[in-house]
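Remember, it's a predicted structure, so these values are computed and weren't measured experimentally. First the proteins, then the strands, lettered A, B, ... as listed; each starts at 1.
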Amino acid sequence: MDMKVIIDTIWVLVTAKLVFFMNLGFAMVESGFARAKNCVNILSKNFVVFAVSSLGFLFLGWGLMFGDGNPFVGLKGLFFVSGLDNSPAVGEAYKGVYSAISWTGVPLWAKFFFQLVFCGTAATIVSGAVAERIKYKSFILFSFIMTMFIYPIIGHWVWGGGWLAQKGMFDFAGSTVVHSVGGWAALAGVLLLGPRFGKYSNGRINPIPGHNLSLATLGTFVLWFGWFGFNPGSTMMADPQAISHVVVTTNMAAAAAILSAIMVSWILLGKPDLGMTLNGCLAGLVAITAPCAFVSVGSSIIIGLIAGILVVLAVIGFDKLKIDDPVGALSVHLVNGVFGTLCVGLFAQDKIAGVATGDGLFYGGGLKLFLAQLTGVISVAVYTFIVSLIAWAILKTVMGIRVSLQEEIEGLDIGEHGNAAYPEFLERKPTYSFLGLKE
Amino acid sequence: MDMKVIIDTIWVLVTAKLVFFMNLGFAMVESGFARAKNCVNILSKNFVVFAVSSLGFLFLGWGLMFGDGNPFVGLKGLFFVSGLDNSPAVGEAYKGVYSAISWTGVPLWAKFFFQLVFCGTAATIVSGAVAERIKYKSFILFSFIMTMFIYPIIGHWVWGGGWLAQKGMFDFAGSTVVHSVGGWAALAGVLLLGPRFGKYSNGRINPIPGHNLSLATLGTFVLWFGWFGFNPGSTMMADPQAISHVVVTTNMAAAAAILSAIMVSWILLGKPDLGMTLNGCLAGLVAITAPCAFVSVGSSIIIGLIAGILVVLAVIGFDKLKIDDPVGALSVHLVNGVFGTLCVGLFAQDKIAGVATGDGLFYGGGLKLFLAQLTGVISVAVYTFIVSLIAWAILKTVMGIRVSLQEEIEGLDIGEHGNAAYPEFLERKPTYSFLGLKE
Amino acid sequence: MDMKVIIDTIWVLVTAKLVFFMNLGFAMVESGFARAKNCVNILSKNFVVFAVSSLGFLFLGWGLMFGDGNPFVGLKGLFFVSGLDNSPAVGEAYKGVYSAISWTGVPLWAKFFFQLVFCGTAATIVSGAVAERIKYKSFILFSFIMTMFIYPIIGHWVWGGGWLAQKGMFDFAGSTVVHSVGGWAALAGVLLLGPRFGKYSNGRINPIPGHNLSLATLGTFVLWFGWFGFNPGSTMMADPQAISHVVVTTNMAAAAAILSAIMVSWILLGKPDLGMTLNGCLAGLVAITAPCAFVSVGSSIIIGLIAGILVVLAVIGFDKLKIDDPVGALSVHLVNGVFGTLCVGLFAQDKIAGVATGDGLFYGGGLKLFLAQLTGVISVAVYTFIVSLIAWAILKTVMGIRVSLQEEIEGLDIGEHGNAAYPEFLERKPTYSFLGLKE
Amino acid sequence: MKKIEAIIRPAKLEAVRRALEKVGYSGLMITEIEGHGKQKGVVQQWRGEKYRLELLPKLKIEMVVKNEDVERITKAIIENAKTGEIGDGKIFVSAIDEAIRIRTGEKGEIAL
Amino acid sequence: MKKIEAIIRPAKLEAVRRALEKVGYSGLMITEIEGHGKQKGVVQQWRGEKYRLELLPKLKIEMVVKNEDVERITKAIIENAKTGEIGDGKIFVSAIDEAIRIRTGEKGEIAL
Amino acid sequence: MKKIEAIIRPAKLEAVRRALEKVGYSGLMITEIEGHGKQKGVVQQWRGEKYRLELLPKLKIEMVVKNEDVERITKAIIENAKTGEIGDGKIFVSAIDEAIRIRTGEKGEIAL
Ligand SMILES: Nc1ncnc2c1ncn2[C@@H]1O[C@H](COP(=O)(O)OP(=O)(O)O)[C@@H](O)[C@H]1O
Ligand SMILES: Nc1ncnc2c1ncn2[C@@H]1O[C@H](COP(=O)(O)OP(=O)(O)O)[C@@H](O)[C@H]1O
Ligand SMILES: Nc1ncnc2c1ncn2[C@@H]1O[C@H](COP(=O)(O)OP(=O)(O)O)[C@@H](O)[C@H]1O
């Protein structure tokens, strides 16, 4: 057996496992940032979403994304990854219907698993933004739609040899394909759901503190760890220079974003808020996801610094707009997914880690790359937002997407699951309603 | 140095580390499913058990399992892995006393560590079932017995070239060797211990809710993650096709089991219980452990779907039988360990990922393979259950295995350890005794 | 591309990621061992410290540590890892200014990332010892000093081809370079800070129990897991025999230390304390860190056994000396870092896993190696402790290092961050002050 | 002086407190209690077994007030804690002999 | 009307409540308290240092009842909360001037 | 018999209890409450929004004592719970009709 295939398969599988592990990270961040009375519900959503993704992506998602077809959608080998394929053969030797991903010399199931964990990430992003009020059933159904009809189409455009790839748009590990897709789908949901009860009442913004910052911190560390699979794994082959480069740009962006988020919140809010610090880290990671292999370590620090500032402003901004996102998913994944994608057009340095992207605006490449990135950002926004809005609207009409007010007040744990997350601990029940006497 | 040896060693060690990490998963699932007053005790048990396994398996377990000997037990190089061995030499080139495991070309200590983490898993399974009433001391002693005399013997039969291997029984990653062995040993303990105080009183089954579903969910994610070491690592060499295949069957079985457990509990219990969802996931993983490399991805989904249903029924069934298993260890590991082992006989497709198992019943292979599997299931049940029963009985006579009623009511944390897991949080002390007014 | 480079890069990066993950472990152990009212602060410190390390080590630390220079400090390619370097070239072929680390054939950024995670570990050790009273701002500044001026200098001496390396001192994975450096810096901080309010009052030692032993156990498991990156990764190349050997010695020392810590606390304290058990595990891991590749598996067990005893005695001893270390960082990292380093001089067996250390005292090598180790221990102690003391003293004078008494009593979470870790749970506020009526 | 002890639904605390602020009050204490009256408990499940939590979380508000304020304050509480459903809670009034302000040592109504 | 305030061991709650159900009662409130009486505390340890939790978890049951029910109810509590060991707890009885049912506004004994 | 109900700062519990031990007492119950008096709340923030926790954690100590002990015990509490800052708390005294020791069934002052 070819050594290169073995090594690449190990790399792809090990990094895919780390990305899988990010499901734990999301579960802990989201439940930690929400109230105890909705904890079981959030845990359940984050748990079931990867099961749904697994089946949805196997059934149809993979085929639409990587099947040979037209620039907009895959058409061959649609169902159950059952098209002809002789992976790990590459290049000329490859015979099969998934040619868009035939450049990486690993077995078909390794490709599938790696792509699946990315699909799962896009789906799980939605969960946090719609938390504390969405019906469990409706969330499960939306996740099927997401992993079968929304994510794979965008994926086809960018990573499946579709029209955006042909336009010269670059998204190394998915600032757009994964994060902003998740973000736009979430935004559509949030708008149709409306804010949580009591969040914007009497003309005030009432903060609703999360119940467990230990869990949220734990989750953020796990996500940071998982990102060391997400970004360097996206080489899908063990190219030593590239993966080493990507590990460092990824880490530096996170580090810089943490420090800038701390500074900004210290200045704007008077104290270094831990929630903002954690969001800052994630913002840096999301922002560097597209450019991680195309920019220098120095640029990664700048990108991180800006991401950390952006996320703090975005969290405050969304609240001003009365767009209620309990965990900051929009500020992290949508805002910084867009920002990171555009950064490729600004900071890219041709072949810095091997890929011929051409130079970005700041490195003398002119607007060409930037415009390709912008096209990507806009078209993805339009498609994802509209399709998601329609999907949410249909769910809303057919079965409802929001729990009853009574259930929301008592907590979704009892209403949706009949469980309590912490049955033995005495909780300060009224906290959420008693807060909010703003300075 | 031979590249193949290097690569295989990396694969074996990395997957072994993931399996090691499952200790965290077990600790969190089990403590989350138990009451706060016993939390320190459960954490301690789950923590010490791998230390015990490490010493026990080093001292004797490895030798009994892999030492050359007769079909029932290893006899050479028994103590401290100190027999002659020239690993990573394989095949003809191998000179040593651990020939049953000489097919994998990695250094001896890599083999040892990989096998050790499996031994540790079998031992830790017991911990959950006997939780909330067992004496710490007795648990430690039983764990020594388990890792020195019970697990290695069964291991020898199946993986050490023993009589079951010769009979043509297949257990790829240990549905039987690890999970059902753990399960039978646990069952023996549970029967001798009796149910927790108050669990079955006044003719009712009194539910005793776990104290922390966040931890339990965290633990289940960690276990799922770890299983990506458990199953694909069991190739013990980096065969790209095989490991990719196994990663996907493993994941699909888990996903399917989650969804079927949710459906069944939604139908049977009215709401999608999170505890059942988590157990469903684990059930799917246990069930696919034996067949993961022998069945198609399609079959893995079917196996998962059935496992998810089985576990819900088993949890309810054991309660009806007044067999008190606080965390569902029997339903997960014993029932689905047996089920998964039999599935090999039903769903196997010859050489689907390389191994020549012959076809299972559903693929035209007739009853041959199924009967070999059944022989394995039954003989392992008989040996493990009887030896465990004797071991528990001796411990019971010599030093007692159950804490005093007074201590059980006050909690084992104070009684056994003098610690409190959450000394600053106000707990609703009487919950456990006040529940249970069944509909 | 040379296969060896690819494989070694994978090994280095994967193990580095595991070491990165130890940040989560530290965060959970330290917050679990502290009080709920300081939880946000501790999480924040543990979170920000890796961001600080990333920037500090990139900016200057790497250059001082690995830049070509004199035996005391690196002088070339100081800033931003920007010196000439043609990694992964090795030996004769290497052209660059970081020759001390040119023996490992991986890309420069892989080397950097691997070394960075070690630097981060040294910095995070400080955090636990100074917990529950240090100002957030001052901690951040000290961390910059630590990662730019303290750790890299010692690193240069031992791993950067400096005078201790030339003296024949061996520290495989950093018992001294990482752990005791962290420990000495922490000790200096603790002495200048003084004990927490109420810890030693009325002539008594008042125990201040940690708020969450589930988190502490979780963290310890994560650290144990991460150590399987820390120690075997320090080969910085995938040498199968060496890494397999190191994995097993690492694990055996931990296992032995757990059991001896349990035994000792059972004997000395009457019950097997979980906090001591967890510290015991970490003590064994720290102690084996220097000798893991130089001693036999049998010796690793002995080293672990002693480490487990040492840590229990040290925890009790530091308390007697009124040196207040809330999480036992000194007992774990300082005491056992020193002990482990000396063990190399006692237990080393020449070339047992490839490295020519010469034999230790117990294997007939005489005092030579031991004295080299001792020289290392003492000189590192002197440099680190004095420089740290000066750094802390300057911070104390310029901006203060301790929060106000009022803030300390109310908790640093409110004072430093304006956050509460668990706003919905009812806490037993006075616990900490009401305890301590010693037997 | 009288002590007013009101058991209310947790979700009604904000409304009650706002109302009290309007009518004026000098201080209050709130305790998390679990109550049991006519209201049926919440049904939960654990791994297949349903059970009813017979005790429901309630809040107890205690205020020591001047005799003449009792009427006004109980009225404010009733109006704002009422949903008309079983489980709205009760108010109990009892006598207090003496009140002391720890900070100043003042005694009697002035200490309230 | 009288308020019966009973301090009991947490583990005795179920027995007491079943007994109360038999003798009949209209409502109760339960508060988690920490108590200190003749009973010695629990010894715990933290990293080598032993300490005693002098305060022990207890439950306080409060019931407002008609004067004529006091006897019956205190008897039921005593019988079921008793172990004979130190730490069994106490019962205190005091006067209640007025009771109001929030849901209906009913006052007096009818509101209990 | 009288019931002394003292609301104090959590941080003052140790001092108060030591003082009580000196003057002697037969038993007490401690409840975690949240209080609101003249003292302003603590300001916290959550993701960019500041809010004030109007309710502050306090402890309620309840002791049933003989009439003649009221003076002595309230004095001990006041002396040790006082900081002079707003938020020090209050003491309320009320009448108790009857006390019963569950363990023995003893009634009256002897049961305290
Ligand atoms: N007699 C009583 N003594 C003490 N507490 C009572 C009494 N009656 C009711 N309560 C408290 O009031 C709460 C509401 O009582 P419930 O009977 O459900 O309300 P309502 O009859 O007003 O609808 C109960 O949970 C309990 O805590
Ligand atoms: N005088 C009192 N005032 C308030 N609470 C008391 C009083 N005496 C006892 N208690 C409460 O009763 C509980 C049990 O008292 P204890 O003296 O241990 O019981 P007993 O003497 O009946 O065996 C104590 O924990 C305390 O909460
Ligand atoms: N009239 C009252 N009724 C009930 N509790 C009160 C009353 N007045 C004060 N309290 C309690 O006492 C605590 C301290 O009161 P505060 O007015 O802040 O103190 P002070 O005026 O003595 O400085 C409050 O948090 C509240 O719990």
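- Only the side chain of L213(B) comes within contact range of chain D, judged by heavy atoms closer than 4.5 Å.
- Applying the 6.0 Å contact sphere to CD1 of I110(D) captures no more than 12 heavy atoms from other residues, nucleotides or ligands.
- Summarising the geometry, atom CD belonging to E49(D) is positioned 10.5 Å from atom CZ belonging to R204(B); distances are rounded to the nearest 0.5 Å.
- With values rounded to the nearest 0.5 angstrom, I208(B) atom CD1 is found 11.5 Å from R47(D) atom CZ.
- Other residues, nucleotides and ligands place no more than 12 heavy atoms under 6.0 Å from the CD atom of E71(D).
- Within the 4.5 angstrom heavy-atom criterion, no atom of V264(B) approaches chain D.
- Note: Q45(D) CD to L269(B) CG = 5.0 Å, rounded to the nearest 0.5 Å.
- Taking both residues in full, the closest heavy atoms of W46(D) and P207(B) are given as CB-CB, 4.1 Å, listed atom of the first, atom of the second, then distance.
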